[in-house]
*Asks:* 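For reference, the structure I am asking about is given below.
Order of appearance sets the numbers: ligands from 1, and atoms from 1 within every ligand.
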Amino acid sequence: MNSPMMNPESAIPTRAPSATTVDDTVLPFEVAKLDLRGRVVRLGPVVDEILEKHAYPKPVAKLLGEALVLTVMLGSALKIEGRFILQTQGDGPVRMLVVDFMTPNKVRACARFDKDSVAEAIASGNTDGGALLGKGHLAMTIDQGPDMSRYQGLVALDGGTLEDAAHEYFLRSEQIPTRVRLAVAEELRAAAGGASHRWRAGGIMLQFLPKSPDRARVADLDPGDAPEGMELPTAEEDDAWVEGRALVETVEDVELIDPEVSSERLVYRLFHEPGVRVFNATDVRAECSCSREAVESMLKSFSQDDRDHMVEDGRISVTCEFCSANYQFAPADVGANES
Ligand SMILES: [Zn+2]
């Protein structure tokens with residue numbers, strides 16, 4: 001760490017921001033003057049390892065990378081122990097995305113998609129997130145273990161991107177004005193024997209969290225009960241939020257991905273005028289939580305009929321959809337009959 005310096009104006013210890021980014025980290029920050037809080041996520045090896053292993057078509061990989069950034073952004077903010085699961089289900093070429101974050105810092109992800117429709121989407125150049133997801137829903141689940149109640153938030157996917165869905169969720173379910181930017185790209189580097197590809201991803205989230213309840217009021221959005229054509233009252237947005245939102249909307253994809261732009265430099269670039277304070281960054285790891293024991297007890301929970309049907313060539317073989325680990329069992333070990 002660089003030597004701490006005192007900022008005479010605020011008497012808050014400050015230090016020079018690191019020049020280059022620290023990959024696989026989450027950096028929380030605060031813009032006290034504007035009642036804004038946020039987080040910057042930078043993923044290098046974590047996103048590369050997960051996406052490379054799956055070897056999905058590129059647009060599917062990119063979309064899953066976005067979901068990964070969003071999940072890390074939200075999961076790392078939880079004050080509880082447990083899992084945070086983000087899952088999409090839609091009628092687009094990408095049927096399902098699942099990202100599973102386990103506190104404090106483990107993440108895994110996978111996708112299900114229709115090969116032919118994805119190939120068609122690529123051929124027609126229609127591969128933005130909204131087109132791939134189609135219509136459906138995004139579910140966010142907090143699971144604190146078998147003895148605790150699960151929390152689930154749902155938001156409709158209506159041809160928009162994951163960013164759109166996140167904004168909608170926070171506005172309707174949490175009533176917190178929120179802006180999220182997500183970016184995923186492949187970095188190409190000259191290497192012996194041709195260019196090497198590496199996935200990189202990043203994101204920033206900004207939320208307006210004023211201390212005064214009066215300013216925290218957001219427009220009452222519940223068009224569900226309003227008669228059609230009725231003009232809904234729109235609350236005026238707070239100036240501090242308007243300013244913060246406008247700043248975060250200037251963030252370019254490259255700034256979220258570029259290894260030469262550190263998270264600290266990014267938030268400083270955005271908020272140096274009102275002043276920004278960063279907190280300790282936390283790290284993220286790509287790690288699956290599957291195990292032979294867990295697969296075994298899952299198999300034992302299946303019906304006799306289902307277990308019997310899983311026997312192939314005298315064995316039951318289960319491959320983890322997240323990490324591709326393969327587990328093999330003799331039928332008798334899990335109470336199955338060989339046909
Ligand atoms: Zn696994």
*Asks:* The Zn ion (ligand 1): which protein N, O or S atoms are under 2.8 Å away?
*Replies:*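 The answer is Cys288 SG, Cys290 SG, Cys320 SG, Cys323 SG.
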
*Asks:* Go through the structure and list residues passing ring-ring contact (aromatic ring centres under 6.0 Å, His included) with Phe101, not counting sequence neighbours.
*Replies:*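 None.
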
*Asks:* Nearest 0.5 Å please: distance from the CG atom of Leu138 over to the CG atom of Asp164.
*Replies:*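 Result: 11.5 Å between the selected atoms.
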
*Asks:* Taking the six-membered ring of Phe329, is the NZ or CZ of Arg292 close enough (under 6.0 Å from the centre) and on axis enough (within 45°)?
*Replies:*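 Checked: cation-pi criterion met.
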
*Asks:* Is there a side-chain contact between Trp241 and Leu36 in this structure, where contact means two heavy atoms from C-beta onward sitting under 4.5 Å apart?
*Replies:*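 Side chain of Trp241 against side chain of Leu36, heavy atoms only: contact under 4.5 Å found.
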
*Asks:* With sequence neighbours left out, what residues match Glu187 under side chain to side chain donor-acceptor pair (under 3.5 Å)?
*Replies:*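 Scan of Glu187 (side chain to side chain donor-acceptor pair (under 3.5 Å), adjacent residues dropped) gives Arg189, Arg198.
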
*Asks:* Taking only residues at least two apart or on different chains, which pairs with a member in residues 76-87 satisfy salt bridge (charged side-chain N to carboxylate O under 4.0 Å, His left out)?
*Replies:*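 Every salt bridge (charged side-chain N to carboxylate O under 4.0 Å, His left out) pair that includes a residue of residues 76-87, provided the two are not neighbours, is Arg83-Asp100.
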
